J.: 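Pasting a structure here, questions to come.
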Amino acid sequence: MKLPSSMNHGTALLWKRRALSSLSTTRRGLPKPKMSDNGTTSRGKVLTIDNMNPTVKKVEYAVRGPIVQRAVELEKELSEGMKKPFAEVIKANIGDAQAMGQQPITFFRQVLALCSYPELLSDSTFPEDAKSRACRILNSCGGNSMGAYSASQGIDSVRQDVARFIERRDGGVPCDPDNVYLTTGASDGIVTMLKLLVCGEGATRTGVMISIPQYPLYSAALAELGAVQINYYLNEEKCWSLDIGELQRSLDEARLHCNPRALCIINPGNPTGQVQSRECIEDVIRFAAKERLFLMADEVYQDNVYAEGCQFHSFKKVLFEMGPEYSETVELASFHSTSKCYMGECGFRGGYMEIINMDNDVKDQLTKLLSVRLCSPVPGQALMDLVVNPPQPGEPSYERFIKERTATLSALAEKARLTEQVLNTVEGIRCNPVQGAMYSFPRITIPEKAIQEAKKLGQQPDMFYCMKMLEETGICLVPGSGFGQKEGTYHFRMTILPPTDKLKILLNNVKEFHQRVQASQRVYVEGF
Amino acid sequence: FHNSECNFSSIVVKAGQISNPLLNCSKMAYTVQANIAMRDVGTWVLPQHLSGVRKSYREVIDVSWGDPHRAGVKPLSFVRQVLAACLYPELMDGDKLMVDVKQRAQRLLGTCAGGSVGSYCATAGIPQILQSISQYIMRRDGGVPCHPENIYISPGSQWALTNILKVLVNSEASPRTGVLIPVPCHSTTIISLTTLGAVAVPYYLREERGWALEMEELQRALDSAKGVCNPVALYMINPGNPAGYVQSRKSIQEVIRFAAEKKLFLLADEVYQDCVYGKESEFVSYKRALAEIGAPLSDSVELASFHTASKGLMGECGLRTGYVELVNLDPAVMKHINNLFSTNSCPILGQIALDVMVNPPQPGDPSYPLYLKVRHFYLPASLAQNVRRVEEVINSFPDFSCQPLEGGAFAFPRVFLPPKAIERAKEAGLQPDTFYCLRLLEEAGVLFSPGTEYGQKEGTYHIRFCIMTPTDTMEEILRRLSAFHEQFMKEFS
């Protein structure tokens with residue numbers, strides 16, 4: 001195709017695209033005039049379903065999807081006095097610990113209160129170490145206020161503290177603060193990295209590998225970016241373990257129709273809760289090195305490890321311990337957040353990412369992308385500073401801090417164990433050990449009749465099941481179809497977060513509901 | 001840039017990089033990168049560098065951001081007390097805090113899941129705060145109805161704008177989606193657009209007429225898009241940024257009719273709506289103006305209007321919270337917009353600040369006297385004083401000119417650079433106004449941002465600086481600027 005020599009590069013691209021694209025539904029149409037009842041046309045909308053960005057239409061986020069919307073409606077009906085088979089709606093759909101009654105860490109809240117209203121520095125009820133922390137944070141804020149913008153990459157001193165934390169966590173492996181970016185929750189970092197990675201068209205369109213089941217932020221982001229989602233299945237029979245053979249299979253198949261560039265892994269896992277072994281992490285790193293994939297390690301649950309024999313190994317640490325052949329070449333981004341672990345401070349939108357071995361020009365692009373949202377919330381940055389720099393032995397707040405942290409983590413461990421135990425007493429529910437994170441993702445058998453009914457309604461069977469559970473028990477869970485699962489299997493994701501006594505009731509109600517569902521199938525069959 | 005060495009040569013290299021020459025805005029975007037680098041130097045490197053070097057100044061005054069706190073303005077007490085109480089409810093025991101602070105904190109904590117600011121909130125934001133915002137909007141607009149379901153709170157207004165742009169911009173479409181933007185325009189919007197693959201179609205505001213928006217120019221811009229892109233939206237900033245204009249009701253209604261006729265989606269960036277000080281000026285929201293035009297336009301013209309906790313006299317930029325109100329959108333499209341917002345929720349603390357912004361202390365409340373004094377006397381008076389002094393000083397120079405400052409947070413004067421300076425800049429691979437700002441930073445310790453970052457008519461140069469500072473800071477800025485300017489002009493005469 002000969003293009004006029006006067007044509008510049010960008011327009012040339014447009015021509016090429018036009019020539020290559022067939023008549024696609026994405027071609028923007030002009031707004032069609034609407035006919036009203038008496039035949040006159042009315043002005044159509046400028047922005048319609050037909051001409052809006054088609055990739056946005058593919059965005060779904062099950063954690064806050066239709067079932068949650070129904071749960072909110074039910075809450076409203078309850079509050080208006082409508083009679084229901086339950087007294088309250090329990091939102092076991094979202095990993096929000098404090099919404100379920102988990103207490104925040106006192107020290108963190110004291111420091112943040114002092115940062116918000118520094119006049120409190122003269123108040124003797126605040127411990128000295130909280131005050132000195134607050135002063136340090138405020139000194140690094142513009143105008144000594146959390147209300148000033150920070151640098152796009154995040155407050156300098158906080159990034160340095162994060163780097164030191166990472167070094168301590170990883171047994172001395174060096175961390176350059178320049179590689180640390182403070183983000184609006186881990187989600188912001190993840191989506192920004194994906195934006196950087198996605199390019200190309202058609203056969204060269206970027207493919208991103210993600211575990212199935214996965215946390216639906218990934219599928220939503222990939223849909224929005226028009227990237228190719230490459231699924232690799234975790235092995236439910238082996239406690240959701242990751243198998244390199246499966247990674248290879250999915251990659252080889254994907255290479256036929258896209259350009260795989262990244263591999264995402266969530267460890268500890270969401271929704272599955274598995275904690276990857278060190279060997280597995282090494283295997284994944286070797287795989288990524290061999291196949292030239294950018295590694296995205298979502299490690300927001302790194303403190304949430306409960307099972308005996310399980311331990312969190314950071315991808316960064318393992319990478320560096322594998323020697324320069326890997327540590328100098330494999331490109332890695334690892335993500336952390338203030339929302340999970342023992343902090344549970346979701347509402348602060350605090351997070352960071354550490355980028356290893358990224359090309360400098362790409363880093364410039366990253367800086368530019370991040371600058372659009374100016375900076376991440378400063379209170380979240382301050383909170384992250386406290387998370388990576390908690391009270392030390394000998395400091396006034398240390399005892400209380402350790403007590404609170406231990407209590408929170410051990411309660412979670414207990415609830416993880418309880419959940420697995422109770423669910424496994426139910427015929428038709430099989431729950432893998434909840435090794436870490438905040439969820440159980442049990443497999444459920446759904447009676448054929450229910451599956452048919454679901455299909456008639458155009459619903460996934462596990463959505464149908466969860467909706468029914470919501471209407472009958474007030475318990476809001478997220479169907480496994482929202483996370484991805486092997487064809488023909490059904491799951492739900494339930495958080496382990498409600499207070500223990502409530503959790504016991506919850507689990508019991510789930511058990512009874514499931515037994516009712518199984519029984520109704522039997523009755524039907526017998527009655528035939 | 002994060003070591004103590006002041007790395008001007010690196011800035012020069014970055015500032016000189018011009019990437020894809022296809023679009024002016026691409027050039028602008030890369031200049032922004034240089035300016036981000038410059039800001040890094042000014043704010044974080046230069047201060048460290050200063051200890052070993054003889055300079056005429058002790059510290060750098062950074063007014064390159066629209067950030068009153070950074071510039072030295074103190075936060076409003078009431079909002080900070082409420083935040084502290086929400087963060088650490090034990091504070092409410094005893095009499096440390098005033099009754100209305102406690103009541104507000106308790107009410108707001110009651111709206112948070114689990115009674116904590118550490119929980120997630122609903123997709124669009126805390127429902128009671130959405131309710132407060134909608135009531136504020138109704139009061140603002142003289143009773144024009146506002147439905148909370150049309151409001152989405154987000155981590156900053158730019159975040160919401162990006163989400164709306166995501167829906168409008170079809171990156172697979174051919175021709176590409178176009179969005180009309182004013183020149184000058186603040187840079188984050190431009191980067192947002194280009195990152196999404198849209199084409200920015202500039203329409204030039206008329207500087208000599210107080211940065212007026214002329215309809216013929218809008219038409220010209222629209223015509224220029226023919227064959228290049230498919231314009232779907234018209235973005236306006238009112239009050240302006242960087243230019244300090246406030247649009248008249250008449251002008252707004254002309255724009256609305258234009259958008260209706262040309263089938264354009266209206267994007268109204270109104271984050272400075274609380275920052276109006278021009279004697280003849282009045283802020284009229286696009287929503288209100290639309291309602292006043294009446295049916296059928298008031299029921300059909302699609303509009304997104306943006307506001308924030310960052311601007312206005314509260315200036316809580318670091319909390320990162322803003323919102324968008326969507327008017328007359330297709331319900332089917334709204335469903336998808338909801339999905340977009342659902343993946344990253346908004347900070348709770350910022351929403352609390354928003355609640356105070358739309359629902360401040362009232363007469364009779366214990367906190368009211370202090371609030372009144374600061375918010376309605378002290379801050380506006382300082383701002384008015386700054387405006388007066390800036391106009392006085394800038395206009396006293398023959399090679400500086402500044403349009404009347406009516407609203408917003410900035411002055412955007414034009415600087416008439418001598419040919420020698422322009423030459424020197426070009427040799428260094430810099431835009432002339434970037435060169436001016438770099439020298440200003442190095443020699444006077446004042447950080448402004450250059451007009452190139454915002455777009456300007458070819459051959460004109462501007463500088464932007466924030467005027468929401470304490471009055472003595474502004475005096476110091478003007479003193480340093482004057483001294484530098486004389487020196488600079490002499491050097492390049």
Side-chain angles (χ1 to χ4, degrees), chain A residues 8-10 14 17-18 26 28 31 43 45-49 52-53 56-57 59-61 64 94 96 98-101 104 109-110 112-113 116-117 120 142-143 145-149 151-152 156 178 184-185 187-188 217 220 344-349 364 368-369 371-374 377-379, chain B residues 2 22 33 36 40 44 65 67 69-70 72 75 80-81 83-84 87-88 91 113-114 116-120 123 155-156 158-159 166-170 172-175 188 191-192 195 230 232 263-265 300 302 315-320 329-330 332-333 336 339-340 342-344 347-349:
Chain A
N8 61 36
H9 177 63
L14 284 176
R17 236 187 233 157
R18 245 180 259 166
T26 61
R28 182 190 185 276
R43 183 181 182 278
K45 298 270 180 208
V46 169
L47 180 59
T48 68
I49 282 291
M52 66 176 274
N53 186 349
V56 170
K57 284 194 276 199
V59 171
E60 279 171 345
Y61 182 59
R64 286 174 179 266
I94 191 163
D96 189 345
Q98 292 190 25
M100 290 284 122
R109 293 305 191 86
Q110 286 172 335
L112 290 167
S116 294
Y117 189 51
L120 291 169
S145 164
M146 288 207 299
Y149 289 118
S152 216
D156 217 44
D178 263 356
T184 307
S187 304
D188 176 27
L217 170 74
E345 301 279 21
C346 313
F348 285 80
R349 314 312 298 121
D364 288 346
K368 188 173 81 169
L369 262 183
S371 73
V372 174
R373 89 285 185 260
L374 290 141
V378 175
Chain B
H2 301 287
L22 168 67
Q33 211 168 299
I36 292 169
D40 278 352
W44 291 282
W65 303 81
D67 188 343
H69 293 197
R70 171 175 297 284
R80 290 313 189 84
Q81 288 168 345
L83 286 175
L87 280 161
Y88 190 54
L91 273 176
S116 166
V117 294
S119 310
Y120 288 120
T123 292
Q158 280 292 315
W159 193 294
K166 273 184 198 169
V167 182
L168 285 164
V169 175
N170 185 346
E172 287 164 33
S174 194
T188 43
I191 302 182
S192 239
T195 313
N230 178 29
V232 305
K263 300 214 186 333
L264 296 169
F265 190 104
S300 56
E302 289 145 82
E316 296 282 4
C317 310
L319 297 185
R320 312 311 300 115
L329 263 70
D330 185 326
V333 174
H336 293 292
N339 284 351
L340 265 188
S342 73
T343 57
N344 200 332
I348 304 299
L349 290 185

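Each chain gets a letter, A, B and so on, in the order its sequence line appears, and its residues count up from 1. A quick note: this is a predicted structure, and the numbers were derived from the prediction, not measured.
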J.: Tell me which of these, Ser119(B), Ala84(B), Pro75(B), Gly114(B), has more heavy-atom pairs under 4.5 Å with chain A than the rest.
T.: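 With the most close heavy-atom pairs to chain A, the winner is Ser119(B).
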J.: When you measure from the centre of the six-membered ring of Tyr120(B), is the NZ or CZ of Arg64(A) closer than 6.0 Å and no more than 45° off the axis?
T.: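 Here Arg64(A) passes the 6.0 Å and 45° test against Tyr120(B).
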J.: So does Glu302(B) pair up with Lys263(B), basic N to acidic O under 4.0 Å?
T.: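 Here Glu302(B) does not pair with Lys263(B) in a salt bridge, since their nearest N and O are not under 4.0 Å apart.
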J.: Which residues pass the side chain to side chain contact (heavy atoms under 4.5 Å, CB included) test with Ser192(B), sequence neighbours left out?
T.: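 Partners of Ser192(B) under the side chain to side chain contact (heavy atoms under 4.5 Å, CB included) test: Val372(A), Gln158(B), Thr162(B), Leu165(B).
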J.: Do you know which of Ala113(B), Gly315(B), Ser342(B) has the most heavy-atom pairs with chain A at a distance under 4.5 angstrom?
T.: Ser342(B)
J.: Hey, which of Pro155(B), Gly156(B), Ser116(B) has the most heavy atom pairs under 4.5 Å with chain A?
T.: Ser116(B)
J.: Does Gln98(A) use its side chain to pair, donor to acceptor, with the backbone of Gly344(A) at less than 3.5 Å?
T.: yes
J.: With respect to chain B, which residue among Gly101(A), Gly147(A), Ser116(A), Gly142(A) yields the maximal number of heavy-atom pairs within a distance under 4.5 Å?
T.: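 Heavy-atom pairs under 4.5 Å are most numerous for Gly147(A).
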J.: Check whether any side-chain N or O of Asp67(B) sits under 3.5 Å from a backbone N or O of Tyr149(A) as a donor-acceptor pair, and report yes or no.
T.: yes
J.: Would you mind checking which part of Met52(A) comes under 4.5 Å of any heavy atom in chain B, side chain (CB onward), backbone (N, CA, C, O), both or neither?
T.: both
J.: Would you mind telling me which of Arg373(A), Met146(A), Lys57(A), Met100(A) has the largest number of heavy-atom pairs within less than 4.5 Å of chain B?
T.: Lys57(A)
J.: Once side chain to side chain contact (heavy atoms under 4.5 Å, CB included) is applied, do any residues pair with Ser187(A), and if so which ones, sequence neighbours excluded?
T.: Leu217(A), Arg349(A), Asn344(B)
J.: Please classify the contact of Thr195(B) with chain A as side chain, backbone, both or neither, using a heavy-atom distance under 4.5 Å.
T.: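 When you check distances to chain A, only side chain atoms of Thr195(B) fall under 4.5 Å.
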J.: Closest heavy-atom contact between Tyr88(B) and Arg109(A)?
T.: CB-O, 3.9 Å
J.: Report which part of Val117(B) has an atom under 4.5 Å of a heavy atom belonging to chain A: side chain, backbone, both, or neither.
T.: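 The answer is both parts of Val117(B).
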J.: Let's test your reading of the structure: which of Val56(A), Val59(A), Leu112(A), Asp96(A) forms the most heavy-atom pairs below 4.5 Å with chain B?
T.: Asp96(A)
